[in-house]
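Note sheet for the following structure.
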Amino acid sequence: MTETLRVAVIGAGRMGADHIKRLHTRIHGAEVAAVVDVDLARAQAAIEGIEGAVALASAEEALNNGDVNAVLIATPGFLHEEILYKALEKDIPILCEKPLTPDAESSWKVVQAEVALGRKRIQVGFMRRFDAEYASLGSVIRDQELGELLMLHHQHRNPSTPAGFTNEMLINDSVVHEFDAIRFFTGEEITSVQVRLGKPTRNAPEGQHDPQHVLIETESGVLADVEIYVNAKFGYEVATQASFEDGIVSIGGDGGPYVRSAGRWGGKVTPGFEERFGAAYDVEVQAWVDAARRGEIGGPTAWDGYATAACCEAGVEAQKSGEKVKVQLNSKPELYA
Ligand code: ISE
């Protein structure tokens, strides 16, 4: 094991703040060295109580700080590309929240930059792969415990959307997780995407058609569908049902504790993704830190970031046309074989 990771966290918003707390209190082998935010007061608030950490206003300053030897990028997606190039230049471990970048062309450029560097430095933050139930469904599929996987049915429901959440973001920000999950479960690339717009809820903000039904096909013909419903009000839910030749597996349903009290029975609805995937984020970040200290990455690659960006691009086109749209992918560089 090499030195402790001294991490610069870029972006102290919802996800950045969550990762700062995680790195400071639960992750072994890493410390928060710097927090960057355009809102310096927010960066300062985020480092409160973290000895030795500095608050900065630019990613460049953080990456040039001699005390920093790793970076966690948690800014909005459109800011990732520039920071990724700077971090690759420094040749340091990178954990980049999804999406890698907002479109396939820029993601491909990032892949090429990493290929030119000659080693994998970028891990993309698709945390669902680290969820215990995702992992167990993944092994049922890989080990063919129930025969061949035939279909996947996904439900992805959020209570509401933040201001500025566009119609395209239902695909780029939300269904991007299912694109990655389907590739993870099947070990195949996605070949086509179709989006059906049905009866909308009155609870969606202007310009957003919600819910949407996304139909996905993989290389071997596995069919997957996603109900993406981002103003579902009742709470947060991410669930999957997988149909096999010899059985059905469901994950992500309501869990305990099941309480009977004061004339009622039932349990609590998960409020948001931080709670639903809290444990998965911990495992993800620990896997990144452990691998980074060995000079490796511990999860989804820049190729996964690029491939899902290509799926999103097809998805947004399909949203507009209603047609089944082919996913266009460049060939996979040897580095990711
Ligand atoms: C959000 O950005 C996430 O990544 C959540 O996991 C997802 O459920 C949500 O729809 C996205 O907006």
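For the numbers below, each heavy atom of this structure counts, side chains included, while hydrogens, waters and symmetry mates do not. Just follow the structure's listing: the first ligand is 1, and inside any ligand the first atom is 1. For the single chain, residues carry numbers from 1 onward in sequence order.
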of all protein heavy atoms, closest to atom 7 (C) of ligand 1 is His156 NE2, 3.4 Å

protein heavy-atom neighbour closest to atom 9 (C) of ligand 1 works out as Asn158 OD1, 3.2 Å

Q.
Taking the basic N atoms (NZ, or NE/NH1/NH2) and the acidic carboxylate oxygens, is any pair closer than 4.0 Å for Arg22 and Asp18?
A. yes

Check your understanding: Which class fits the ring pair Phe185 and His154: parallel under 30°, tilted 30 to 60°, perpendicular over 60°?
Key -> parallel

Within the 4.0 Å heavy-atom cut-off, what Met127 brings close to ligand 1 is side chain

(message) Salt bridge check, Glu178 against Arg128: does any charged N sit closer than 4.0 Å to a carboxylate O?
(response) yes

For Thr101 and Ala309, the nearest pair of non-hydrogen atoms, with its separation, is O-CB, 4.4 Å

Problem - Polar side chain donor-acceptor pair, Glu237 to Asn158, under 3.5 angstrom - result: no

At under 4.0 Å between heavy atoms, what of Met169 touches ligand 1? The answer is neither

Regarding Arg157 and Glu227, does a basic nitrogen lie under 4.0 Å from an acidic carboxylate oxygen?
yes

of all protein heavy atoms, closest to atom 1 (C) of ligand 1 is Asp173 OD2, 3.7 Å

With a 6.0 Å cut-off on the ring centroids, do Tyr281 and His19 count as close? yes

Of all protein heavy atoms, the one nearest atom 5 (C) of ligand 1 is Phe273 CD2, 3.5 Å

Start with the C-alpha gap between Lys199 and Asp210, add the side-chain angles, then the distance that decides, and say whether salt bridge (charged side-chain N to carboxylate O under 4.0 Å, His left out) holds.
CA-CA 8 Å; Lys199 188 167 179 173; Asp210 186 38; over 6 Å; no

For Ser174, the atoms of ligand 1 under 4.0 Å from one of its heavy atoms are 9 (C), 10 (O), 11 (C), 12 (O)

- Any Lys98 heavy atom less than 4.0 Å to ligand 1: yes

Nearest non-hydrogen protein atom to atom 3 (C) of ligand 1, with distance, is His177 NE2, 3.6 Å

For Tyr236, the atoms of ligand 1 under 4.0 Å from one of its heavy atoms are 5 (C), 6 (O), 7 (C), 8 (O)

Counting from 1 in the order shown, the ligand 1 atoms closer than 4.0 Å to a non-hydrogen atom of Phe165 are 12 (O)

